[in-house]
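Indexing begins at 1, ligand by ligand and atom by atom, following the structure's order.
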Amino acid sequence: MKATNPRTGECDHEFAESTPEDVASVSARLRAMQPEWEARGAAGRGAILCAFADALERHAGAIVAALAIDTGRSAIARVELDTIVRRLRGWSARAAELFAALPGEATQSATPGILIEPRWSAYPLFGAIAPWNFPLLLSHIDAIPALAAGCAALVKPSEVTPRFVAPLSAALAEVPELPLAYVLGGAGTGEALVAHADYVCFTGSTATGRKVALAAAARLIPVNLELGGKDPLIVAASADPVDAARIALRASVVATGQACQSIERVYVARAIAEPFLAELVRAANAVELAWPDPGRGHLGPFIFPAQADKVAAQIADARSQGAQVLAGGEVETLGGGKYLRPTVLTGVTADMAVMRDETFGPVIPVIPFDTIDEAVALANAGEFGLSAAVVAGTVEEAAEIGAQLDAGAISLQDGALTSMVGDATNHSRKGSGLGPSRMGDEGLLRFLRRQALLRQTGAPAPIAAFAEDHRREEHHR
Ligand code: NAD
(Lines give C-alpha, C1' and ligand atoms only; values in the text may rest on other atoms or scores of the structure.)
Protein backbone atom coordinates (compact mmCIF):
# COMPACT_ATOMS: atom_id res chain seq x y z
CA MET A 1 0.00 0.00 0.00
CA LYS A 2 1.02 3.63 -0.37
CA ALA A 3 0.56 6.60 1.92
CA THR A 4 0.41 10.28 1.02
CA ASN A 5 2.56 12.88 2.74
CA PRO A 6 0.09 15.55 3.93
CA ARG A 7 2.64 18.35 3.56
CA THR A 8 3.74 17.55 0.01
CA GLY A 9 0.77 15.67 -1.41
CA GLU A 10 3.20 13.02 -2.65
CA CYS A 11 2.63 9.28 -2.33
CA ASP A 12 6.09 8.80 -0.87
CA HIS A 13 5.70 5.87 1.50
CA GLU A 14 5.14 2.22 0.68
CA PHE A 15 4.34 -0.52 3.14
CA ALA A 16 3.21 -4.12 3.10
CA GLU A 17 -0.40 -4.72 4.00
CA SER A 18 -0.91 -7.44 6.61
CA THR A 19 -2.84 -10.27 4.99
CA PRO A 20 -5.59 -12.23 6.76
CA GLU A 21 -3.00 -15.02 7.20
CA ASP A 22 -0.61 -12.56 8.88
CA VAL A 23 -3.40 -11.43 11.21
CA ALA A 24 -4.19 -15.07 12.03
CA SER A 25 -0.60 -15.91 12.90
CA VAL A 26 0.00 -12.73 14.97
CA SER A 27 -3.28 -13.42 16.80
CA ALA A 28 -2.18 -17.00 17.56
CA ARG A 29 1.18 -15.75 18.90
CA LEU A 30 -0.49 -13.15 21.15
CA ARG A 31 -3.08 -15.67 22.33
CA ALA A 32 -0.27 -18.05 23.35
CA MET A 33 1.41 -15.26 25.37
CA GLN A 34 -1.76 -14.12 27.12
CA PRO A 35 -2.15 -16.69 29.95
CA GLU A 36 1.33 -15.92 31.30
CA TRP A 37 0.63 -12.19 30.94
CA GLU A 38 -2.61 -12.42 32.89
CA ALA A 39 -0.96 -14.61 35.55
CA ARG A 40 1.60 -11.89 36.28
CA GLY A 41 -1.06 -9.92 38.12
CA ALA A 42 -1.70 -6.21 37.93
CA ALA A 43 1.62 -5.23 39.53
CA GLY A 44 3.66 -7.55 37.29
CA ARG A 45 1.93 -6.29 34.17
CA GLY A 46 2.28 -2.69 35.38
CA ALA A 47 6.05 -3.06 35.66
CA ILE A 48 6.25 -4.24 32.04
CA LEU A 49 3.88 -1.53 30.79
CA CYS A 50 6.10 1.03 32.52
CA ALA A 51 9.14 -0.56 30.83
CA PHE A 52 7.34 -0.02 27.52
CA ALA A 53 6.76 3.65 28.50
CA ASP A 54 10.52 3.94 29.16
CA ALA A 55 11.28 2.34 25.77
CA LEU A 56 8.92 4.79 24.05
CA GLU A 57 10.78 7.66 25.66
CA ARG A 58 14.11 6.25 24.44
CA HIS A 59 12.68 6.01 20.90
CA ALA A 60 10.68 9.25 21.14
CA GLY A 61 12.74 11.10 18.53
CA ALA A 62 12.16 8.54 15.78
CA ILE A 63 8.52 7.92 16.66
CA VAL A 64 7.61 11.62 16.78
CA ALA A 65 9.53 12.30 13.55
CA ALA A 66 7.60 9.58 11.70
CA LEU A 67 4.29 10.65 13.23
CA ALA A 68 5.03 14.25 12.21
CA ILE A 69 5.26 13.11 8.58
CA ASP A 70 2.09 11.03 8.93
CA THR A 71 0.08 13.95 10.32
CA GLY A 72 1.91 17.05 9.06
CA ARG A 73 2.00 18.27 12.69
CA SER A 74 4.99 18.63 14.96
CA ALA A 75 4.00 19.76 18.49
CA ILE A 76 0.82 17.66 18.46
CA ALA A 77 2.85 14.60 17.42
CA ARG A 78 4.94 15.05 20.57
CA VAL A 79 1.79 15.49 22.67
CA GLU A 80 0.43 12.19 21.32
CA LEU A 81 3.57 10.36 22.41
CA ASP A 82 3.69 12.06 25.82
CA THR A 83 0.04 11.19 26.37
CA ILE A 84 0.48 7.48 25.79
CA VAL A 85 3.60 7.40 27.98
CA ARG A 86 1.56 9.05 30.75
CA ARG A 87 -1.37 6.69 30.19
CA LEU A 88 0.91 3.62 30.39
CA ARG A 89 2.14 4.75 33.80
CA GLY A 90 -1.25 6.00 34.96
CA TRP A 91 -3.19 2.84 34.02
CA SER A 92 -0.48 0.64 35.55
CA ALA A 93 -0.96 2.35 38.93
CA ARG A 94 -4.74 2.48 38.67
CA ALA A 95 -4.99 -1.17 37.58
CA ALA A 96 -3.27 -2.32 40.77
CA GLU A 97 -5.82 -0.33 42.83
CA LEU A 98 -8.78 -1.58 40.80
CA PHE A 99 -7.74 -5.24 41.05
CA ALA A 100 -7.15 -4.87 44.79
CA ALA A 101 -10.68 -3.50 45.18
CA LEU A 102 -12.43 -6.22 43.13
CA PRO A 103 -14.68 -8.36 45.31
CA GLY A 104 -12.95 -11.71 45.77
CA GLU A 105 -14.52 -13.15 48.91
CA ALA A 106 -17.13 -15.88 48.68
CA THR A 107 -20.56 -14.68 49.82
CA GLN A 108 -23.61 -16.58 50.95
CA SER A 109 -26.22 -16.98 48.21
CA ALA A 110 -29.91 -16.36 48.85
CA THR A 111 -30.23 -20.05 47.95
CA PRO A 112 -29.43 -21.99 51.14
CA GLY A 113 -26.16 -23.92 51.22
CA ILE A 114 -24.55 -22.16 48.27
CA LEU A 115 -21.51 -19.89 48.53
CA ILE A 116 -20.70 -17.69 45.54
CA GLU A 117 -17.06 -17.03 44.86
CA PRO A 118 -16.36 -14.34 42.23
CA ARG A 119 -13.43 -14.76 39.82
CA TRP A 120 -12.27 -12.21 37.28
CA SER A 121 -10.63 -12.95 33.96
CA ALA A 122 -9.70 -10.81 31.02
CA TYR A 123 -10.87 -11.35 27.46
CA PRO A 124 -7.83 -13.13 26.00
CA LEU A 125 -7.33 -11.18 22.77
CA PHE A 126 -8.28 -7.51 22.52
CA GLY A 127 -8.34 -5.84 19.09
CA ALA A 128 -8.25 -2.10 18.30
CA ILE A 129 -9.00 -0.43 14.97
CA ALA A 130 -7.88 3.21 14.83
CA PRO A 131 -8.44 6.26 12.62
CA TRP A 132 -5.90 8.69 11.13
CA ASN A 133 -6.62 11.90 13.05
CA PHE A 134 -4.59 11.11 16.22
CA PRO A 135 -2.96 7.94 14.92
CA LEU A 136 -0.64 7.08 17.81
CA LEU A 137 -2.94 8.11 20.64
CA LEU A 138 -6.07 6.46 19.25
CA SER A 139 -4.18 3.24 18.48
CA HIS A 140 -3.39 2.92 22.20
CA ILE A 141 -6.18 4.67 24.10
CA ASP A 142 -8.10 1.41 24.62
CA ALA A 143 -5.19 -1.03 24.17
CA ILE A 144 -3.35 0.27 27.27
CA PRO A 145 -6.20 -0.41 29.75
CA ALA A 146 -6.87 -3.73 27.95
CA LEU A 147 -3.25 -4.79 28.50
CA ALA A 148 -3.41 -3.56 32.11
CA ALA A 149 -6.54 -5.69 32.57
CA GLY A 150 -4.68 -8.81 31.37
CA CYS A 151 -5.65 -9.03 27.70
CA ALA A 152 -3.18 -9.45 24.85
CA ALA A 153 -3.64 -6.61 22.36
CA LEU A 154 -3.61 -6.49 18.57
CA VAL A 155 -3.78 -3.00 17.08
CA LYS A 156 -4.53 -1.89 13.54
CA PRO A 157 -3.64 1.76 12.97
CA SER A 158 -5.08 3.60 9.97
CA GLU A 159 -3.54 2.88 6.57
CA VAL A 160 -3.57 6.66 5.98
CA THR A 161 -0.90 7.18 8.69
CA PRO A 162 1.36 4.08 8.80
CA ARG A 163 4.85 5.59 9.20
CA PHE A 164 5.01 5.75 12.99
CA VAL A 165 4.49 1.99 13.33
CA ALA A 166 8.09 0.97 12.40
CA PRO A 167 9.85 3.10 15.06
CA LEU A 168 7.11 2.15 17.53
CA SER A 169 7.77 -1.53 16.83
CA ALA A 170 11.48 -0.95 17.50
CA ALA A 171 10.53 0.31 20.99
CA LEU A 172 8.18 -2.64 21.49
CA ALA A 173 10.97 -5.09 20.57
CA GLU A 174 12.80 -3.98 23.73
CA VAL A 175 9.91 -5.28 25.85
CA PRO A 176 9.41 -8.83 24.52
CA GLU A 177 7.18 -9.89 27.44
CA LEU A 178 4.46 -7.46 26.37
CA PRO A 179 1.74 -9.25 24.34
CA LEU A 180 1.13 -6.32 21.98
CA ALA A 181 1.42 -6.28 18.20
CA TYR A 182 0.54 -4.04 15.27
CA VAL A 183 -0.88 -5.01 11.90
CA LEU A 184 -1.03 -2.55 9.03
CA GLY A 185 -3.56 -2.28 6.26
CA GLY A 186 -7.04 -1.15 5.32
CA ALA A 187 -10.54 -2.57 5.52
CA GLY A 188 -9.45 -6.17 4.81
CA THR A 189 -6.93 -6.15 7.66
CA GLY A 190 -9.56 -4.62 9.95
CA GLU A 191 -12.04 -7.33 9.01
CA ALA A 192 -9.42 -10.01 9.75
CA LEU A 193 -8.77 -8.46 13.15
CA VAL A 194 -12.48 -8.58 14.01
CA ALA A 195 -12.49 -12.23 12.90
CA HIS A 196 -9.83 -13.14 15.49
CA ALA A 197 -10.30 -10.86 18.51
CA ASP A 198 -12.43 -11.64 21.56
CA TYR A 199 -13.24 -7.97 22.21
CA VAL A 200 -13.02 -5.12 19.70
CA CYS A 201 -12.73 -1.36 20.19
CA PHE A 202 -13.27 0.62 17.03
CA THR A 203 -12.60 4.35 16.66
CA GLY A 204 -13.58 5.90 13.38
CA SER A 205 -16.51 6.96 11.25
CA THR A 206 -20.08 6.03 11.99
CA ALA A 207 -20.41 4.30 8.61
CA THR A 208 -17.45 1.96 9.21
CA GLY A 209 -18.48 1.52 12.85
CA ARG A 210 -21.77 0.03 11.70
CA LYS A 211 -19.91 -2.52 9.54
CA VAL A 212 -17.61 -3.45 12.42
CA ALA A 213 -20.59 -3.81 14.78
CA LEU A 214 -22.30 -6.16 12.31
CA ALA A 215 -19.15 -8.28 11.91
CA ALA A 216 -18.76 -8.45 15.70
CA ALA A 217 -22.43 -9.37 16.07
CA ALA A 218 -21.97 -12.26 13.64
CA ARG A 219 -19.23 -13.60 15.94
CA LEU A 220 -21.11 -12.70 19.12
CA ILE A 221 -18.17 -10.76 20.50
CA PRO A 222 -18.46 -7.45 22.37
CA VAL A 223 -17.62 -4.29 20.46
CA ASN A 224 -17.18 -0.71 21.66
CA LEU A 225 -17.63 2.01 19.09
CA GLU A 226 -16.20 5.53 19.36
CA LEU A 227 -17.56 7.29 16.31
CA GLY A 228 -18.13 10.62 14.67
CA GLY A 229 -19.56 13.77 16.20
CA LYS A 230 -21.16 17.07 15.28
CA ASP A 231 -20.65 18.80 18.59
CA PRO A 232 -22.78 21.86 19.27
CA LEU A 233 -21.82 24.88 21.38
CA ILE A 234 -24.58 26.98 22.93
CA VAL A 235 -23.64 30.55 23.88
CA ALA A 236 -26.28 31.98 26.20
CA ALA A 237 -27.24 35.68 26.25
CA SER A 238 -25.59 36.05 29.66
CA ALA A 239 -22.17 34.95 28.34
CA ASP A 240 -19.27 37.29 27.71
CA PRO A 241 -19.31 37.36 23.89
CA VAL A 242 -15.56 37.90 23.56
CA ASP A 243 -14.60 35.03 25.88
CA ALA A 244 -17.20 32.80 24.23
CA ALA A 245 -15.87 33.58 20.75
CA ARG A 246 -12.33 32.65 21.78
CA ILE A 247 -13.56 29.38 23.26
CA ALA A 248 -15.55 28.63 20.09
CA LEU A 249 -12.54 29.28 17.90
CA ARG A 250 -10.08 27.12 19.80
CA ALA A 251 -12.53 24.26 20.32
CA SER A 252 -13.39 24.24 16.61
CA VAL A 253 -10.07 24.58 14.87
CA VAL A 254 -7.35 22.89 16.98
CA ALA A 255 -5.70 20.11 14.95
CA THR A 256 -7.33 21.66 11.84
CA GLY A 257 -10.68 20.56 13.23
CA GLN A 258 -9.73 16.91 12.67
CA ALA A 259 -10.88 15.82 16.10
CA CYS A 260 -14.06 13.94 16.96
CA GLN A 261 -14.86 16.35 19.81
CA SER A 262 -14.37 19.55 17.77
CA ILE A 263 -17.15 22.11 18.03
CA GLU A 264 -18.83 21.95 14.61
CA ARG A 265 -21.99 24.04 15.21
CA VAL A 266 -22.46 27.21 17.25
CA TYR A 267 -25.82 28.51 18.49
CA VAL A 268 -25.48 32.03 19.90
CA ALA A 269 -28.13 34.13 21.61
CA ARG A 270 -29.28 36.80 19.14
CA ALA A 271 -28.76 39.52 21.77
CA ILE A 272 -24.97 39.00 21.72
CA ALA A 273 -24.54 37.56 18.21
CA GLU A 274 -22.98 40.72 16.82
CA PRO A 275 -20.10 41.18 19.31
CA PHE A 276 -19.62 37.38 19.38
CA LEU A 277 -19.21 37.21 15.59
CA ALA A 278 -16.97 40.29 15.50
CA GLU A 279 -14.52 38.68 17.93
CA LEU A 280 -14.80 35.28 16.28
CA VAL A 281 -13.88 36.73 12.88
CA ARG A 282 -11.05 38.80 14.36
CA ALA A 283 -9.62 35.81 16.22
CA ALA A 284 -10.12 33.50 13.20
CA ASN A 285 -8.17 35.87 10.97
CA ALA A 286 -5.34 35.98 13.51
CA VAL A 287 -4.80 32.21 13.32
CA GLU A 288 -1.70 31.28 11.30
CA LEU A 289 -1.15 28.27 9.11
CA ALA A 290 1.78 26.07 10.11
CA TRP A 291 3.37 26.58 6.70
CA PRO A 292 6.05 26.62 5.38
CA ASP A 293 7.63 25.89 8.77
CA PRO A 294 5.76 23.01 10.46
CA GLY A 295 7.12 24.28 13.78
CA ARG A 296 5.43 27.71 13.54
CA GLY A 297 1.76 28.66 13.31
CA HIS A 298 -1.42 27.02 14.53
CA LEU A 299 -3.03 24.87 11.85
CA GLY A 300 -1.32 22.14 9.88
CA PRO A 301 -2.54 20.56 6.63
CA PHE A 302 -5.39 18.14 6.23
CA ILE A 303 -3.91 14.72 7.02
CA PHE A 304 -6.04 12.91 4.46
CA PRO A 305 -6.25 14.95 1.21
CA ALA A 306 -9.74 13.62 0.44
CA GLN A 307 -10.86 15.24 3.69
CA ALA A 308 -10.04 18.69 2.27
CA ASP A 309 -12.33 17.99 -0.71
CA LYS A 310 -15.13 16.88 1.60
CA VAL A 311 -14.85 20.05 3.70
CA ALA A 312 -14.64 22.26 0.59
CA ALA A 313 -17.80 20.59 -0.77
CA GLN A 314 -19.70 21.37 2.45
CA ILE A 315 -18.62 25.02 2.30
CA ALA A 316 -19.58 25.27 -1.41
CA ASP A 317 -22.94 23.66 -0.70
CA ALA A 318 -23.66 26.13 2.13
CA ARG A 319 -22.62 29.08 -0.05
CA SER A 320 -24.82 27.94 -2.92
CA GLN A 321 -27.75 27.99 -0.50
CA GLY A 322 -27.04 31.52 0.70
CA ALA A 323 -24.49 31.15 3.52
CA GLN A 324 -21.96 33.97 3.97
CA VAL A 325 -18.28 33.35 4.59
CA LEU A 326 -17.00 35.86 7.17
CA ALA A 327 -13.48 34.37 7.44
CA GLY A 328 -11.46 31.70 5.63
CA GLY A 329 -13.52 29.63 3.23
CA GLU A 330 -11.00 28.51 0.59
CA VAL A 331 -8.87 25.38 0.74
CA GLU A 332 -5.33 26.48 -0.16
CA THR A 333 -2.72 24.19 -1.70
CA LEU A 334 0.68 25.16 -0.32
CA GLY A 335 3.75 23.10 -1.21
CA GLY A 336 1.42 20.26 -2.22
CA GLY A 337 -0.41 20.15 1.14
CA LYS A 338 -4.02 21.25 1.60
CA TYR A 339 -4.82 23.87 4.24
CA LEU A 340 -7.88 25.76 5.39
CA ARG A 341 -7.91 28.87 7.55
CA PRO A 342 -10.56 29.02 10.28
CA THR A 343 -13.79 29.44 8.37
CA VAL A 344 -16.70 31.33 9.90
CA LEU A 345 -20.09 30.88 8.24
CA THR A 346 -23.36 32.70 8.88
CA GLY A 347 -26.69 32.51 7.10
CA VAL A 348 -26.61 28.73 7.53
CA THR A 349 -29.69 26.62 8.18
CA ALA A 350 -30.13 23.39 10.11
CA ASP A 351 -30.71 21.32 6.97
CA MET A 352 -27.40 22.23 5.25
CA ALA A 353 -24.75 19.50 5.11
CA VAL A 354 -22.34 21.73 7.07
CA MET A 355 -24.83 21.75 9.99
CA ARG A 356 -25.91 18.12 9.68
CA ASP A 357 -22.95 15.97 8.63
CA GLU A 358 -19.59 15.65 10.34
CA THR A 359 -17.18 18.23 8.84
CA PHE A 360 -13.81 17.30 10.42
CA GLY A 361 -12.26 20.61 9.41
CA PRO A 362 -11.78 24.13 10.90
CA VAL A 363 -15.28 25.34 10.01
CA ILE A 364 -17.50 27.29 12.44
CA PRO A 365 -21.08 27.73 11.25
CA VAL A 366 -23.04 30.08 13.52
CA ILE A 367 -26.82 30.28 13.98
CA PRO A 368 -28.46 32.89 16.25
CA PHE A 369 -31.33 31.81 18.55
CA ASP A 370 -34.02 33.59 20.54
CA THR A 371 -34.78 31.19 23.39
CA ILE A 372 -32.76 28.54 25.21
CA ASP A 373 -35.45 25.96 24.42
CA GLU A 374 -34.91 26.65 20.74
CA ALA A 375 -31.13 26.35 21.14
CA VAL A 376 -31.46 23.05 23.02
CA ALA A 377 -33.77 21.64 20.36
CA LEU A 378 -31.37 22.64 17.59
CA ALA A 379 -28.36 21.23 19.48
CA ASN A 380 -30.16 17.92 20.12
CA ALA A 381 -31.23 17.46 16.50
CA GLY A 382 -29.30 15.13 14.23
CA GLU A 383 -27.66 11.75 14.22
CA PHE A 384 -24.76 12.40 16.65
CA GLY A 385 -24.43 12.63 20.44
CA LEU A 386 -20.70 12.57 21.19
CA SER A 387 -20.19 15.73 23.24
CA ALA A 388 -21.39 19.32 23.46
CA ALA A 389 -20.57 22.62 25.18
CA VAL A 390 -22.31 25.53 26.86
CA VAL A 391 -20.98 28.99 27.73
CA ALA A 392 -23.16 31.22 29.91
CA GLY A 393 -22.82 34.00 32.49
CA THR A 394 -22.34 31.50 35.32
CA VAL A 395 -21.27 27.87 35.44
CA GLU A 396 -24.59 27.08 37.18
CA GLU A 397 -26.60 28.45 34.28
CA ALA A 398 -24.35 26.59 31.83
CA ALA A 399 -24.89 23.37 33.80
CA GLU A 400 -28.66 23.81 33.74
CA ILE A 401 -28.61 24.14 29.95
CA GLY A 402 -26.00 21.40 29.55
CA ALA A 403 -28.13 18.89 31.46
CA GLN A 404 -30.72 19.15 28.68
CA LEU A 405 -28.27 18.12 25.96
CA ASP A 406 -28.33 14.65 24.43
CA ALA A 407 -24.60 13.85 24.39
CA GLY A 408 -22.07 11.87 26.41
CA ALA A 409 -19.87 14.69 27.73
CA ILE A 410 -20.79 18.36 28.14
CA SER A 411 -18.08 21.03 28.54
CA LEU A 412 -19.24 23.99 30.63
CA GLN A 413 -17.67 27.45 30.25
CA ASP A 414 -15.25 25.89 27.74
CA GLY A 415 -15.38 23.57 24.72
CA ALA A 416 -14.00 20.20 23.65
CA LEU A 417 -12.67 19.44 27.14
CA THR A 418 -12.67 15.69 26.49
CA SER A 419 -9.54 16.27 24.39
CA MET A 420 -7.73 17.25 27.60
CA VAL A 421 -9.40 15.00 30.16
CA GLY A 422 -8.94 11.24 30.37
CA ASP A 423 -11.03 10.34 33.38
CA ALA A 424 -14.50 11.69 32.63
CA THR A 425 -16.57 8.50 32.50
CA ASN A 426 -19.29 8.99 29.85
CA HIS A 427 -21.25 7.13 27.22
CA SER A 428 -21.52 8.43 23.67
CA ARG A 429 -25.10 8.68 22.46
CA LYS A 430 -26.96 8.04 19.23
CA GLY A 431 -24.72 7.62 16.16
CA SER A 432 -21.59 8.62 18.10
CA GLY A 433 -20.88 5.34 19.80
CA LEU A 434 -21.82 2.22 21.63
CA GLY A 435 -20.70 0.48 24.78
CA PRO A 436 -18.95 1.30 28.04
CA SER A 437 -16.84 4.40 28.64
CA ARG A 438 -13.22 4.43 27.51
CA MET A 439 -12.60 7.07 30.16
CA GLY A 440 -12.52 6.47 33.90
CA ASP A 441 -12.28 3.10 35.65
CA GLU A 442 -14.84 1.58 33.30
CA GLY A 443 -12.15 1.96 30.62
CA LEU A 444 -10.35 -1.02 32.23
CA LEU A 445 -13.14 -2.87 34.01
CA ARG A 446 -14.98 -3.49 30.70
CA PHE A 447 -12.23 -5.96 29.72
CA LEU A 448 -12.88 -8.25 32.71
CA ARG A 449 -15.43 -11.02 32.73
CA ARG A 450 -16.85 -12.14 36.03
CA GLN A 451 -17.07 -15.83 36.68
CA ALA A 452 -19.08 -17.29 39.57
CA LEU A 453 -17.81 -20.37 41.41
CA LEU A 454 -20.89 -21.85 43.09
CA ARG A 455 -19.82 -23.86 46.12
CA GLN A 456 -22.35 -26.36 47.40
CA THR A 457 -21.84 -26.56 51.15
CA GLY A 458 -24.99 -28.55 51.92
CA ALA A 459 -26.43 -31.74 50.48
CA PRO A 460 -26.88 -31.72 46.68
CA ALA A 461 -30.57 -32.03 45.78
CA PRO A 462 -31.62 -35.54 44.70
CA ILE A 463 -33.46 -36.02 41.42
CA ALA A 464 -36.59 -36.57 43.44
CA ALA A 465 -36.57 -32.85 44.13
CA PHE A 466 -37.33 -32.29 40.45
CA ALA A 467 -39.84 -35.09 39.89
CA GLU A 468 -43.07 -34.08 38.09
CA ASP A 469 -45.38 -35.73 40.59
CA HIS A 470 -46.69 -35.43 44.10
CA ARG A 471 -43.49 -36.86 45.58
CA ARG A 472 -41.82 -33.61 44.62
CA GLU A 473 -44.44 -31.71 46.54
CA GLU A 474 -43.78 -34.01 49.50
CA HIS A 475 -40.02 -33.48 49.20
CA HIS A 476 -40.51 -29.73 49.36
CA ARG A 477 -42.76 -30.13 52.36
P1 NAD B 1 -12.75 5.27 9.06
O2 NAD B 1 -14.02 4.78 9.61
O3 NAD B 1 -12.66 5.54 7.61
O4 NAD B 1 -11.56 4.25 9.39
C5 NAD B 1 -11.25 3.88 10.71
C6 NAD B 1 -10.48 2.58 10.68
O7 NAD B 1 -11.34 1.52 10.23
C8 NAD B 1 -9.28 2.55 9.77
O9 NAD B 1 -8.22 1.91 10.45
C10 NAD B 1 -9.75 1.70 8.61
O11 NAD B 1 -8.71 1.02 7.95
C12 NAD B 1 -10.66 0.72 9.29
N13 NAD B 1 -11.66 0.06 8.45
C14 NAD B 1 -12.22 0.52 7.30
N15 NAD B 1 -13.15 -0.36 6.87
C16 NAD B 1 -13.19 -1.38 7.76
C17 NAD B 1 -13.95 -2.59 7.84
N18 NAD B 1 -14.89 -2.89 6.95
N19 NAD B 1 -13.72 -3.40 8.89
C20 NAD B 1 -12.80 -3.09 9.83
N21 NAD B 1 -12.04 -1.97 9.79
C22 NAD B 1 -12.24 -1.12 8.76
O23 NAD B 1 -12.41 6.58 9.91
P24 NAD B 1 -11.25 7.63 9.63
O25 NAD B 1 -11.63 8.43 8.44
O26 NAD B 1 -9.93 6.95 9.68
O27 NAD B 1 -11.35 8.54 10.94
C28 NAD B 1 -12.15 9.67 11.05
C29 NAD B 1 -13.41 9.35 11.83
O30 NAD B 1 -13.07 8.87 13.12
C31 NAD B 1 -14.29 10.55 12.07
O32 NAD B 1 -15.64 10.20 11.83
C33 NAD B 1 -14.09 10.87 13.53
O34 NAD B 1 -15.15 11.52 14.15
C35 NAD B 1 -13.90 9.50 14.09
N36 NAD B 1 -13.23 9.57 15.39
C37 NAD B 1 -13.94 9.28 16.52
C38 NAD B 1 -13.34 9.40 17.77
C39 NAD B 1 -14.09 9.11 19.03
O40 NAD B 1 -13.47 8.91 20.06
N41 NAD B 1 -15.41 9.09 19.03
C42 NAD B 1 -12.00 9.77 17.85
C43 NAD B 1 -11.33 10.08 16.68
C44 NAD B 1 -11.94 9.95 15.45
Check your understanding: Are Thr425 and Glu442 close enough that a side-chain donor and a side-chain acceptor fall under 3.5 Å?
Key ->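 Result is no, nothing qualifies.
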Check your understanding: Taking atom types as modelled, is there a side-chain donor on Asp12 or Asn5 under 3.5 Å from an acceptor on the other?
Key ->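 Checked: Asp12/Asn5 side chains pair up, N/O donor to acceptor below 3.5 Å.
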Check your understanding: What heavy-atom pair brings Val281 and Ala327 nearest, and what distance separates the two atoms?
Key ->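 That would be CG1-CB, 4.4 Å.
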**Study point:** Shortest non-hydrogen contact from Gln413 toward Ile247
**Key:**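 Residues Gln413 and Ile247, closest heavy atoms: O-CD1, 3.6 Å.
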Please classify the [X] to ligand 1 contact at 4.0 Å (heavy-atom distances, strictly less than): side chain, backbone, both or neither.
{"X": "Val212", "result": "side chain"}
{"X": "Leu193", "result": "neither"}
{"X": "Glu358", "result": "side chain"}
{"X": "Phe360", "result": "side chain"}
{"X": "Thr206", "result": "neither"}
{"X": "Leu138", "result": "side chain"}
{"X": "Phe202", "result": "side chain"}
{"X": "Ala130", "result": "backbone"}

Check your understanding: Do other residues, nucleotides or ligands put more than 12 heavy atoms under 6.0 Å from Gln404 CD?
Key ->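 Yes, enclosed.
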Exercise for review: Within a distance under 4.0 Å of any heavy atom of Glu226, pick out the atoms of ligand 1 and give their elements.
Suggested key: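 Numbered from 1, ligand 1 contributes 37 (C), 38 (C), 39 (C), 40 (O), 41 (N).
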**Study point:** Subset of ligand 1 atoms that lie under 4.0 Å from at least one heavy atom of Glu191
**Key:**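 Those qualifying, in numeric order: 18 (N), 19 (N), 20 (C).
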**Study point:** Arg438 near ligand 1 by a heavy-atom separation under 4.0 Å
**Key:**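 Arg438: in contact with ligand 1 (<4.0 Å).
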Review point. For ligand 1, is there an atom lying under 4.0 Å from some heavy atom of Gly186?
Key: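 Under 4.0 Å: yes for Gly186.
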Review point. Taking the inter-plane angle between the rings of Trp132 and Phe304 on a 0 to 90° scale, is it parallel (under 30°), tilted (30 to 60°) or perpendicular (over 60°)?
Key: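 The arrangement is tilted - the two ring planes meet at 30° to 60°.
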Practice item. Anything under 30° is parallel, anything over 60° is perpendicular, the rest tilted; go ahead and classify Phe52 against His140. Key: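 Ring orientation, 0 to 90° scale: tilted.
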Exercise for review: Scan Val155, Thr203, Val194 and name whichever one has a side chain to side chain contact (heavy atoms under 4.5 Å, CB included) with Ile129.
Suggested key: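 Result: among Val155, Thr203, Val194, Val194 is the only option passing the side chain to side chain contact (heavy atoms under 4.5 Å, CB included) with Ile129.
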Point to revise | Option whose closest heavy atom lies nearest to atom 41 (N) of ligand 1, chosen from Ile129, Leu227, Asp231, Leu214 | key: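 Selected option, by shortest heavy-atom distance: Leu227.
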Exercise for review: Please determine if Trp132 has a nitrogen or oxygen closer than 3.5 Å to a nitrogen or oxygen of ligand 1.
Suggested key: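 Checking ligand 1 against Trp132, an N or O pair does fall under 3.5 Å apart.
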Check your understanding: Do Thr203 and ligand 1 have an N or O pair less than 3.5 Å apart?
Key ->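 No.
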Review point. Between Tyr199 and Phe447, is the gap from one ring center to the other below 6.0 Å?
Key: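 Yes; Phe447 has its ring centre under 6.0 Å from that of Tyr199.
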